[in-house]
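As a basis for the values below, the full set of heavy atoms in this structure was taken, side chains included, without hydrogen atoms, waters or symmetry mates. Within every chain, numbering begins at 1; the chains are lettered A, B, ... in the order of the sequence lines, protein sequences first and strands thereafter.
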Amino acid sequence: MDELEAIKVTFFQECEELLADLEGGLLTMQDGNEDSDTVNAVFRAVHSIKGGAGAFGLEPLVRFAHVFETLLDALRSNEIPGSADLTALLLRASDVLADHVSAARGLGMVDMDASAAMAAELKAVTDPSAAPAVAAPVAPVDDEMGIAFTPLVVGADDDAGLDDDDMDFGFQPMTISLDAQAADAAVLDNVWTVSIRPKSDLYRKANETGLLLRELARLGPIQATLDDSVLPTLEFLDAEAAYVTWSVRVETEEGEEAIREVFEFVDGDCELEITRGEAPVADVLATLLEVAAPAPAAPVIEEPVFEAPVAPEPVVVAPPVVASAPVSAPPPAAPPVAANAPSAPAAKPAQIDVPGPGQSVIRVDPERIDHLIDLVGELVINQAMLAQRVGEYGIAPSSNLAMGLDELEQLTRQIQDSVMAIRAQPVKSVFQRMPRLVREVANMTGKQARLVMDGENTEVDKTVIERLADPITHMLRNAIDHGLESPEERKAAGKNPEGVVRLAALHRSGRIVIEVQDDGKGINRERVLSIAVKKGLISPDITLTDEEIDNLIFLPGFSTADKISDVSGRGVGMDVVKRSVQALGGRISISSRPGLGSTFTLSLPLTLAVLDGMVVDVAGETLVIPLACIVESLRPKAEEIRPLGPTGSVLAVRDSFVPLIDVGLTLNYRDKSPPPTEGVVLLVEGEDGSRAALVADAIHGQRQVVIKSLEQNYQQVEGVAAATILGDGRVALILDVDAVINLRRRGPPIPSDPTLIAAE
Amino acid sequence: MNEPVITSSAERREMISFRVGIQEYCVDIMAVREIRGWSPATTLPQSPAYMRGVINLRGAVLPIMDLASRIGMPTTEPSVRSVFIVVQAGDRTVGLLVDAVSDILSITDDMCQPTPDISCENVRHFVRGIISIEGRMISEISLDRLLPEREALAA
Amino acid sequence: MTRTVLTVDDSRTMRDMLRMALAGAGFNVVEAVDGEHGLEVLSAHRPDVIITDINMPKLDGFGFIEAVRVDDDYRAIPILVLTTESDPSKKQRAREAGATGWIVKPFNPEKLVEAIRRVAA
């Protein structure tokens, strides 16, 4: 059963892909492109889900999928016309189908009333007479053999089935003595006579009478005779035409149904007559025989026929008799593989060749990759430790040892890059869920919204991907709920009543950036300001830039509770979103243009696993500054440093002045800053583009470090993004550059700890 | 104290006892992952005084808490005998800085008493109960109360 | 002698289920993901039996069967069609295309093996 469980897992994975294909196809149709390939692909998606679901007995899913599939089948065969309304209906149906799949997986429930209503709507399209009441349960999927079986009795005078080959029905009956049979009179009830006249079609479909006879023989002992009286001479012989007639006496308790079933596949490809009892002597032919020649792999019929001369001598060949009947001939050789198959001893693991169309892919357990990445992380640390120890011994950089170590570092780096690349995935998997979300949110808030997506193939480490979904969801909700105006308002403003929300992913300065942009009304800055003041979040006389006002919505306690359009029953303040983003070392901000719309920008590190950093010394502490933030490093000259205000200083960098920040002071490692000229300055740029000059005591060098979480065992520390373990085995903190810039900007620190002194 | 009522007094628990200053404390041995000798910790900025910093525990970042300071007593001056007791509290692993480990005790219910109602709130908060054994008084630490609530920081 | 079955289905789940049933019955299994791919795999391995789905991208089951039946090398290979469709016209179409027999989904492994037995020597 384990294997079955594994296949079930595969099935649900496949369902995810199929549901995505389904939605993608329907969206394409919605955009106006209804070509048959798309419609067929949409049909196939639902069809495949139904097929697999049936295999696992997931009844409600099967039933709904069946109704859905029926409608799609009608659409693809052009029995019903497509239309925008129909596509919209199909999109909603796809959402219900997705719910069924989730429910089948045990992840959530289906609103059965809604499902029934949807099913009724779907049915009504193909069958307008069907009242949109609760849909009657669809007929269950056929079981294995139970196709509505209409036994076809092809009588001798039924021309309909006959095809036009040169088959004449004349044959000379020969008399036989049935006396030997008389003794079996007692079992007459179980005796049947089957007359089979194959038509050429039978062979064209690679069926063989020999196999049919063999199958019959499984029901009971048989005796078969062959009439080849119409067999033409060799020169007239069409190797694939049908000339012979079999007459088979079967003794079985299983009844006529069972016998008919044997011929199920060749229904119509042969003339079949089944009568109870012994064949009337007049109609049946010659000799009886019992045998046992195992059917060779090659078609049985052809060979003996070719050997036979034209003369209508009864040539007899018969298939093996499987049952232990009164067979005088030697017992049948073991019938071919099929009978053996079920009892095959050790089922050899089937050689699975899946020559993939073009590209080969292997499936790997994610845990193995994670483990590999952890190990590589340790390798990096170890290699760094090694380099450090050797460095302490004062080995010349040009020596073999040093060069060898350099190569080792290169190699380690390459291994790490390659391994990280394995785990990198396109954000598509997260983006895929969004169209449906947008549909639902728009629905619930009475807005009209269209989602446009960009950069779905942008890749990001698996560790980050999983954490993207929540922030993106909240940004989208916010954009539609608060950003977009109602269709009436939009029309009044001269805009298209349908708002556009753009979701994009891109790489920027070593990070992944996600943008959610809407063309709504933008942030109402007056209102935001007044709310912030009212809630005591800012002092009333402070002056803020537009950008700063916009970002007030991220302040804790800000969320506008007066707007009770709780989407999905859960209104989440942007402050919560911001905090969770920051916990990942990410940043989120908003910018807005009144009347035109707003843009959320979310940036996250490409991976939560490694980082390129600059190792520096500050007040005796070793810190790591992410390289991606560093613009340049310099040794400032005294004349470049200018005081500004009571305690601050700025650094003149070319044409601009950049605030000087002593990291040691900001992080409270020390109370007084040493002169910047004695240290080194790192010019950094935060996510919002603002620049600062960080003062450190010394630079140790650049290193790629493995990121270790602080939150796991402790909690987030302001100013610190994460931690790492350096070559000497000690923990070094990774600086959160943006937080450091902001800490300094904000003024008095967290009031909870009065022992901390203001950074300024 | 919300301790589960132990019905059978024959139920024994094993505790590791240790010294903080001249006082003796203990924790349930089931929560102890290992004991490490003292090593310098990397300072954590913006942190309470009782958080001494973090150390490297086989590749993971382990916060170190000065237990004395946490309870409100003067901070520990580490010496060669200082140790970190690595404990698991909830889903977090933490190292407790203490002066020395004493021994392993096997205690039964009848040896436990509720914490005396002295005025110090920290004691009431962090000490689960008192164990009396061989004339010694050993206070049992309530591990899940030691670690601060995870605060998400506003920025 | 182990016989080889070629399974042609665009659903990974279905391919896995077929493989589980067939391998358990001692067959060697080769797989293809659609009709077009099936023709490629066919020429590389000479299966003793083919099991194919009907609805597939690129080249569907009907097209695949017709292509097989036209080719002298392969026309005698028995082909079983997998179908959830109880619609007789679909089955008829499959038969007209040249299908030897059929299996209705959901199938159970015994019926599957039995169907193979009925069409393959």
Side-chain angles (χ1 to χ4, degrees), chain A residues 374 377-378 381-382 537 554-557 575-576 578-580 582-583 587 618-623 663-664 666-669 706-720 722-726 728-733 735-736 738-740 742-743 746 749-750 752-753 755-756, chain B residues 27 31-34 36-67 69-70 72 74-75 78 84-97 143-155:
Chain A
D374 282 345
E378 300 307 317
I381 294 178
N382 250 284
L537 301 172
F554 291 112
L555 284 179
D575 58 319
V576 172
K578 183 161 190 168
R579 256 180 279 160
S580 55
Q582 282 178 328
R587 225 144 306 298
V618 176
E621 302 285 339
T622 310
L623 289 176
V663 179
T666 311
L667 293 181
N668 269 282
Y669 290 149
V706 176
I707 300 179
K708 301 285 182 183
S709 152
L710 265 185
E711 282 86 16
Q712 187 178 359
N713 283 329
Y714 182 50
Q715 61 182 40
Q716 197 184 6
V717 175
E718 200 164 17
V720 175
T724 184
I725 296 172
L726 291 178
D728 61 0
R730 296 202 45 186
V731 177
L733 299 179
L735 205 65
D736 180 347
D738 265 287
V740 166
N742 286 323
L743 258 178
R746 210 181 30 161
I750 321 162
S752 62
D753 196 336
T755 61
L756 293 175
Chain B
V27 287
V32 178
R33 296 281 147 256
E34 65 185 272
R36 293 266 285 207
W38 182 87
S39 59
T42 304
T43 317
L44 282 174
Q46 324 276 35
S47 299
Y50 56 80
M51 292 307 301
R52 292 298 273 250
V54 286
I55 64 166
N56 166 16
L57 184 70
R58 281 189 301 286
V61 171
L62 182 77
I64 298 295
M65 176 186 290
D66 178 352
L67 191 56
S69 176
R70 184 63 170 132
T75 50
F84 299 138
I85 302 181
V86 181
V87 295
Q88 178 104 19
D91 58 346
R92 296 188 273 181
T93 309
V94 170
L96 302 176
L97 169 63
L143 275 178
D144 33 5
R145 300 216 179 144
L146 275 187
L147 282 166
E149 284 299 307
R150 269 200 177 90
E151 299 150 21
L153 300 161

query: Does any non-hydrogen side-chain atom of B:Leu44 lie less than 4.5 Å from one of A:Val720?
result: no
query: Is it the backbone or the side chain of B:Val61 that comes under 4.5 Å from a heavy atom of chain A, or both, or neither?
result: both
statement: Tightest non-hydrogen contact, residues A:Tyr714 and B:Arg92, listed as O-NH1, 3.0 Å
- prompt: For B:Pro45, which of A:Asn668, A:Val717, A:Val740 qualifies under side chain to side chain contact (heavy atoms under 4.5 Å, CB included)?
  reply: A:Val717
Heavy-atom proximity to chain A below 4.5 Å, by part of B:Ala89: neither
- line: Under 4.5 Å to a heavy atom of chain B? For A:Ile725 that would be side chain
- request: Please state whether the side chain, the backbone, both or neither of B:Met51 comes within less than 4.5 Å of a heavy atom of chain A.
  value: side chain
message: Show the nearest heavy-atom pair for residues A:Glu718 and B:Gln46, with the distance to one decimal.
response: O-CG, 3.7 Å
message: Give me the atom names and distance for the closest heavy-atom approach of B:Thr43 to A:Leu733.
response: O-CD1, 3.3 Å
